[in-house]
Number of protein chains: 2
Amino acid sequence: MKDTRTEILDVAEDLIQRMGINAMSYKHISDIVGIKKPSIHHHFPKKENLVEALLERCHIVYGDRYKAIIDRPETTPKKLRLLAGVFEEGLRSGKLCLVGTIGSDLITLQDKSRLILEQTIDSTVSIYTKAFMQGEEEGSLVLRDTPQTVAFTFFSFMIGAQITARAHGGIKSFHKATEVIISSWEAR
Amino acid sequence: MKDTRTEILDVAEDLIQRMGINAMSYKHISDIVGIKKPSIHHHFPKKENLVEALLERCHIVYGDRYKAIIDRPETTPKKLRLLAGVFEEGLRSGKLCLVGTIGSDLITLQDKSRLILEQTIDSTVSIYTKAFMQGEEEGSLVLRDTPQTVAFTFFSFMIGAQITARAHGGIKSFHKATEVIISSWEAR
DNA sequence: GAAAATAAATCTATCAGGAGGTAGGGTGGG
DNA sequence: CCCACCCTACCTCCTGATAGATTTATTTTC
């Protein structure tokens with residue numbers, strides 16, 4: 001049995017990914033979790049606390065997930081496709097990457113949340129960077145800029161593609177666009 | 001002197017681009033425009049009407065703007081950089097492309113708005129497609145997929161890059177990422 | 001061209017509902 | 001006993017939205 005705090009975070013994450021941070025409310029969460037609204041305030045006194053906890057968790061969980069993919073014994077292009085698969089998986093149920101949704105409402109965030117979001121982008125890009133460095137070393141990728149910059153580009157693209165694909169074309173569009181990006185860096 | 005309706009649309013657009021569609025309210029608009037809240041309801045009875053009008057206007061205005069860029073007597077890579085410049089310009093004042101912000105809150109939209117958003121993506125991609133076709137013809141671009149798919153990829157990327165760059169790195173990051181994308185398609 | 005009628009735009013006042021948030025009372029396990 | 005957890009009840013503020021009076025333009029009529 002999951003503890004309530006975790007359950008709240010899970011539901012909140014799901015709701016935010018689907019409808020955005022400002023459309024999600026404590027009422028929504030409490031209805032789904034099956035507890036009353038003030039009980040959520042017991043775990044997360046203010047909404048900003050919830051958002052911070054969520055971003056911090058996302059920072060760790062997805063960081064680990066990306067690392068695990070990149071540490072696999074595969075070619076780099078394959079790894080990039082697996083990374084894209086993580087985003088595709090969310091899209092399959094109409095969910096956006098937290099960095100994307102929350103980032104699009106950046107101004108409504110508290111300073112601390114904004115900072116965590118910034119750090120999350122930073123560390124995600126760092127993790128991706130490793131893959132692109134490997135790709136250059138093993139000769140499977142040909143890059144015209146630094147691995148860091150390319151990693152940022154790749155991450156940015158996937159956040160955008162999730163949004164556009166959800167609104168028009170769905171998974172198929174996302175998949176095709178991903179192929180365009182990755183193949184343009186693939187050595188041939 | 002601008003008419004009130006246009007002024008409302010201008011202010012609403014600005015607010016949505018900065019803080020997202022669900023954080024923007026009629027009160028915010030009325031305070032800035034300098035009229036009372038119910039006066040906005042006179043022009044746009046329901047919020048969905050405002051959003052529809054906004055998306056329809058965006059559809060036309062930016063469509064024309066993109067077309068104007070693509071019809072210039074420049075090389076295609078230069079045109080792509082000019083298109084990116086439009087997004088960079090918004091970013092300079094912390095504003096996201098309407099398709100990006102509104103798209104990230106897709107679920108909270110009415111069917112009609114969702115449809116217009118879909119059409120906007122579709123027609124924007126069509127306009128971009130023309131540029132990529134020209135690029136292949138003139139030999140300045142080398143693509144590994146159809147111009148349509150590459151156009152969708154490019155648009156998606158810019159929407160995502162606006163979000164990530166606003167949260168981390170700013171215009172400089174956006175610019176560098178744009179260069180990565182465009183140069184990867186540039187013939188050499 | 002002045003007056004009257006019509007239409008458009010804005011106002012004040014108000015509403016119901018939902019947002020985040022608080023106070024304080026149970027309840028059950030270490 | 002105490003502390004963590006969840007509850008009921010409530011508060012304030014803001015949301016989109018409506019009704020109806022008032023003002024401002026525009027048009028029609030004499």
Side-chain angles (χ1 to χ4, degrees), chain A residues 1-55 101-102 104-114 116, chain B residues 1-55 57 98 101-102 104-114 116:
Chain A
M1 172 117 190
K2 259 189 298 187
D3 75 332
T4 311
R5 193 190 140 94
T6 307
E7 210 159 331
I8 293 171
L9 285 174
D10 288 346
V11 172
E13 183 173 343
D14 187 271
L15 287 173
I16 292 176
Q17 290 182 297
R18 282 182 214 280
M19 52 197 233
I21 196 166
N22 288 312
M24 182 273 298
S25 78
Y26 272 31
K27 181 71 170 38
H28 288 129
I29 301 174
S30 66
D31 282 346
I32 297 175
V33 175
I35 57 178
K36 296 298 168 182
K37 216 173 56 171
S39 302
I40 301 179
H41 282 281
H42 175 258
H43 296 278
F44 305 99
K46 314 232 163 191
K47 199 179 179 180
E48 40 181 296
N49 303 130
L50 211 185
V51 176
E52 288 159 17
L54 213 49
L55 285 172
T101 8
I102 296 183
S104 78
D105 295 288
L106 190 76
I107 257 51
T108 65
L109 297 180
Q110 298 295 119
D111 285 358
K112 193 175 174 189
S113 300
R114 225 176 300 185
I116 304 172
Chain B
M1 171 122 191
K2 258 191 297 189
D3 74 333
T4 310
R5 194 190 139 94
T6 307
E7 210 160 333
I8 293 171
L9 285 172
D10 288 346
V11 171
E13 183 173 343
D14 187 271
L15 288 173
I16 292 177
Q17 289 182 298
R18 282 183 213 280
M19 51 198 232
I21 195 167
N22 288 312
M24 181 273 299
S25 78
Y26 272 33
K27 180 71 170 38
H28 288 130
I29 302 174
S30 66
D31 282 346
I32 297 175
V33 175
I35 57 177
K36 297 297 169 183
K37 217 173 54 171
S39 302
I40 301 178
H41 282 280
H42 174 259
H43 295 277
F44 305 98
K46 315 231 164 193
K47 201 179 178 181
E48 40 182 296
N49 303 131
L50 211 185
V51 175
E52 288 159 16
L54 213 48
L55 285 171
R57 197 179 70 155
L98 268 190
T101 9
I102 295 182
S104 77
D105 295 284
L106 189 75
I107 257 53
T108 65
L109 298 180
Q110 298 293 121
D111 286 359
K112 193 175 174 190
S113 300
R114 225 176 300 185
I116 304 172

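Everything quoted here is computed from the prediction, not taken from an experiment. Just so it is clear: chains get the letters A, B, ... in the order the sequence lines come, proteins before strands, and each one is counted from 1.
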Check the distance between D/dC5's P and A/Arg5's CZ and give it to me in whole angstrom.
10 Å
Has A/Tyr26 got a side-chain atom pairing as donor or acceptor with A/Ser39's backbone, closer than 3.5 angstrom?
no
Would you mind reading off the distance between A/Ile8 atom CD1 and D/dC5 atom P, rounded to a whole angstrom?
10 Å
Using a 4.0 Å heavy-atom cut-off across all strands, classify A/Lys37 as base, sugar-phosphate, or nothing.
base
Does D/dC6 have OP1 or OP2 sitting under 4.0 Å from an N or O in the side chain of A/His43?
yes
Ignoring backbone atoms, test whether B/Thr4 places a side-chain nitrogen or oxygen under 4.0 Å from the OP1 or OP2 oxygen of C/dA9.
no
Give the rounded distance in Å between these two atoms: CG of B/Asp31 and P of C/dC11.
12 Å
Using atom NZ of A/Lys46 as one end and atom P of C/dA19 as the other, report the distance to the nearest whole Å.
18 Å
Starting at atom CD1 of B/Ile35, determine the distance to atom P of C/dT10, rounded to an integer number of angstrom.
6 Å
Between B/Ser39 and C/dA9, does any side-chain N or O lie under 4.0 Å from OP1 or OP2?
no
Separation of atom CD in B/Glu48 from atom C1' in D/dA17, rounded to whole Å:
12 Å
Of C/dA19, C/dA8, D/dC5, the nucleotide closest to the side chain of B/His42 is C/dA8
Expressed as a whole number of angstroms, how long is the span from B/Met24:CE to D/dC14:P?
17 Å
Does A/Lys47 contact C/dG21 through a side-chain donor or acceptor facing the base, at a distance under 3.5 Å?
no
Please report the interatomic distance CD1(B/Ile102) to CG(B/Leu55), rounded to the nearest 0.5 Å.
4.5 Å
Determine, for B/Asp10 against B/Arg57, whether the closest basic-nitrogen to carboxylate-oxygen distance falls under 4.0 angstrom.
yes
A/Lys27 side-chain proximity, nearest of C/dA19, D/dA17, C/dG21:
C/dA19
Electrostatic pair A/Lys112-A/Glu52, nearest N-O below 4.0 angstrom
yes
Taken to the nearest whole Å, CD1/B/Ile40 to P/C/dT12 is 14 Å
As a test of reading the structure: which of D/dT8, D/dC6, C/dT22 is closest to the side chain of A/Lys36, going by heavy atoms?
D/dT8
Quick one: which of D/dT15, C/dG21, D/dT18 gets closest to the side chain of B/His41?
D/dT18
5' priority, DNA chain C, between A/Pro38 and A/Ser25 [closest heavy atom]
A/Ser25
Distance-only, no hydrogens or angles: does the B/Asp3 side chain make a donor-acceptor pair with backbone N or O of B/Thr6 under 3.5 Å?
yes
